[in-house]
Novice: 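Before I ask anything, let me first share the structure, which is written out below as structure tokens.
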Amino acid sequence: MNLAATLAPTAYWYLARGTGAVALVLLTGSVVLGIVGSVRFAAPRWPRFAIDTVHRDLSLLVLVVLAIHVITSILDGFAPITLLDGVVPFATPYRPLWMGLGTLAFDLLLAIAITSLVRRRLGYRAWRAIHWLAYASWPVAVLHGLGTGSDIKQWWMLGLTVACIVAVLVAVWARLAHVSGEHAGLRAPATALAVITPIGLAIFTLAGPLQQGWARRAGTPKSLLGRPGPAASPGGAVSPPAGSSALPASFTATLGGAVSESQASGGAVVNLAMRVSGQVRGRLRVRIGGVPIGAGGGLSMTGSQVDLALAGRPSVLQGQIAALQGEDFDARLSDAAGTTVDVRAQLQIDSQTNTVTGILSGSRVS
Ligand code: HEM
């Protein structure tokens, strides 16, 4: 089996994640300007024309970026997402709820764009009612990003999402401060909603996406999961002996185990399940998703998951492949206790017997 030189993350994967983050920021900007634009009636000094123009242009840009986001998610091929999943919510087998929310938000925005084009024929009142959907699409999109994004555990993505939420909250609170006349009765329920929503999102994020095992709970198909924790690992081989949880500053161990490959829509997943024995003991599991390149059996890597469960350590060290050369790879792994370790695996894969042997070396970073 040649995982080798041909393995490199596809640009689609980075683009899908990058455009997701950009779409969220642009959508937030558009929603904030929409809210600020409506405050202008109470504060007429604000430049109405400028706000409207930027709001409209930003909204169009959101649709363009989202089109790229959807197309790159499909082309990436790691997750089974089709063109239909871009418009029909909750149909995909891949994290159906969280992906479905993204599709729903996209559909709501498409509805707004289409009705804006025929605004004259529709009449102002009907158009405006539909336009309110823009506000609904924003929290739905935030939930999608939190629920399915692979970067939410990174400080920058979490910070970006929090910043978007704060921006909309500030705009909503400013808007509520200007509510008067016939709409004054709306102030109390709207304020309650503006307080409850961020609290709900915070509780959801802490209890869900930031917890270990979220990928499974989120509905990732089994064939794409590469992370059985110690309790779930076959044979329960890594029950922690008391008092032995310290990880050496550096270590070397031998690897031995099995290789299997399964087909996923648009590509394949290579699964390496290995025993670790030597200065540390336990299990190393590596999953590499990729799309085949050429006839030589090579794969272009679209995603990876590395799990190192060591005897004496209650939580699994997890991470992704950072560099892959031939059949060797480097990865930075960390666990819930804040331990980070850089590992290098030098592997020999025998595709006749579907076995793998090799050396694992590691050094603690923190
Ligand atoms: C208003 C609509 C949408 C917004 C604002 C949005 C935004 C986002 C954000 C912020 C992320 C997290 C990115 C990260 O963690 O780096 C994300 C992830 C993702 N989105 Fe969307 N999205 C939308 C609709 C869609 C649609 C319609 C699809 C395709 C059917 C889609 C497919 C994906 C996929 C596959 C991921 C996971 C990428 C990964 O982290 O590996 N999104 N999206």
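One-based numbering, in listed order, for ligands and for the atoms of each. For clarity, every value in this text was computed on a predicted model and none was experimentally measured.
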Novice: To check your reading of the model: name the closest protein heavy atom to atom 26 (C) of ligand 1, its residue, and the distance in Å.
Specialist: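 Checking every protein heavy atom, the shortest distance to atom 26 (C) of ligand 1 gives Val70 CG2, 3.7 Å.
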Novice: Testing the 3.5 Å rule here: is there a donor-acceptor pair between the side chains of Asp328 and Gln346?
Specialist: no
Novice: What atoms of ligand 1 come within less than 4.0 Å of a heavy atom belonging to Ile81?
Specialist: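 Those qualifying, in numeric order: 35 (C).
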Novice: Please identify which atoms of ligand 1 are closer than 4.0 Å to at least one heavy atom of Ala141.
Specialist: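 The atoms of ligand 1 under 4.0 Å from a heavy atom of Ala141 are 1 (C), 5 (C).
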Novice: Contact between ligand 1 and Trp13 is defined here as a heavy atom of the residue under 4.0 Å from a ligand atom; is it met?
Specialist: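 Flag set, Trp13 near ligand 1.
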Novice: Nearest non-hydrogen atom to atom 13 (C) of ligand 1 belongs to which of Arg17, Gln154, Arg95, Met99?
Specialist: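 Answer by nearest heavy atom: Arg17.
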Novice: Going by the atom numbers of ligand 1, which of them fall below 4.0 Å from some non-hydrogen atom of Met157?
Specialist: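 The atoms of ligand 1 under 4.0 Å from a heavy atom of Met157 are 10 (C).
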Novice: Please write down residue, atom name and distance for the protein heavy atom closest to atom 30 (C) of ligand 1.
Specialist: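 Of the protein heavy atoms, Asp85 O, 3.4 Å lies nearest.
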Novice: Could you identify the single nearest non-hydrogen protein atom to atom 34 (C) of ligand 1 and state the distance to 0.1 Å?
Specialist: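 Answer for atom 34 (C) of ligand 1: Ser73 OG, 3.7 Å.
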Novice: Is Gly86 close enough to touch ligand 1? Criterion: a residue heavy atom under 4.0 Å from a ligand atom.
Specialist: yes
Novice: Quick test: of every protein heavy atom, which one is nearest to atom 11 (C) of ligand 1, and how far off is it to 0.1 Å?
Specialist: Gly145 CA, 3.8 Å
Novice: Looking only at protein heavy atoms, which one is nearest to atom 16 (O) of ligand 1, and how far off is it?
Specialist: Asp151 OD2, 2.4 Å
Novice: Quick one: look up the protein heavy atom nearest atom 3 (C) of ligand 1 and list residue, atom name and how far away it is.
Specialist: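 For atom 3 (C) of ligand 1, the nearest protein heavy atom comes out as Leu66 CD2, 3.3 Å.
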Novice: Give a yes or no answer on whether the side chain of Ser304 reaches the backbone of Ile321 with a donor-acceptor pair at less than 3.5 Å.
Specialist: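 Yes; judged by distance alone, with no hydrogens or angles, the pair exists.
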Novice: Among all protein heavy atoms, pick the one closest to atom 39 (C) of ligand 1 and tell me residue, atom and distance.
Specialist: Ser150 OG, 3.2 Å
Novice: CH2 of Trp156: more than 12 outside heavy atoms within 6.0 angstrom?
Specialist: yes
Novice: Please check if atom CZ in Arg217 has more than 12 non-hydrogen atoms from other residues, nucleotides or ligands closer than 6.0 Å.
Specialist: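 For Arg217, atom CZ is crowded (more than 12 foreign heavy atoms under 6.0 Å).
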Novice: Give the minimum heavy-atom separation between Val316 and Asp335, together with the two atoms involved.
Specialist: O-CB, 3.4 Å
Novice: At less than 4.0 angstrom from any non-hydrogen atom of Gly20, what atoms of ligand 1 do you find?
Specialist: 7 (C), 8 (C), 9 (C), 10 (C), 43 (N)
Novice: If you take all heavy atoms of Thr115 and Ala111, which pair is closest and at what distance?
Specialist: OG1-O, 2.8 Å
Novice: Numbering the atoms of ligand 1 from 1, which are under 4.0 Å from a heavy atom of Leu109?
Specialist: 1 (C)
Novice: So, do Leu63 and Ser59 sit near enough that their side-chain heavy atoms are less than 4.5 Å apart?
Specialist: no
Novice: Please answer whether the main-chain N or O of Val54 pairs with a side-chain N or O of Asp57 as donor and acceptor at a distance below 3.5 Å.
Specialist: no
Novice: Please report the closest heavy-atom contact between Leu97 and Phe90, naming both atoms and the distance.
Specialist: O-CE2, 3.6 Å
Novice: Should the pair Trp214 and Phe204 be assigned to parallel (<30°), tilted (30 to 60°) or perpendicular (>60°) ring geometry?
Specialist: perpendicular
Novice: I need the atoms of ligand 1 closer than 4.0 Å to a non-hydrogen atom of Thr148, numbered in the order shown.
Specialist: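 Heavy-atom distances to Thr148 below 4.0 Å select 18 (C), 19 (C), 36 (C), 37 (C).
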Novice: Do side-chain atoms of Gln279 reach the backbone of Pro248 as a donor and acceptor pair under 3.5 angstrom?
Specialist: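 Side chain of Gln279 to backbone of Pro248, a donor-acceptor pair under 3.5 Å: no, none is there.
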Novice: Have a look at ligand 1 and work out which part of Thr161, if any, has a heavy atom under 4.0 Å from it: side chain, backbone, both or neither.
Specialist: neither
Novice: For atom 6 (C) of ligand 1, what's the nearest protein heavy atom and its distance?
Specialist: His144 CD2, 3.4 Å
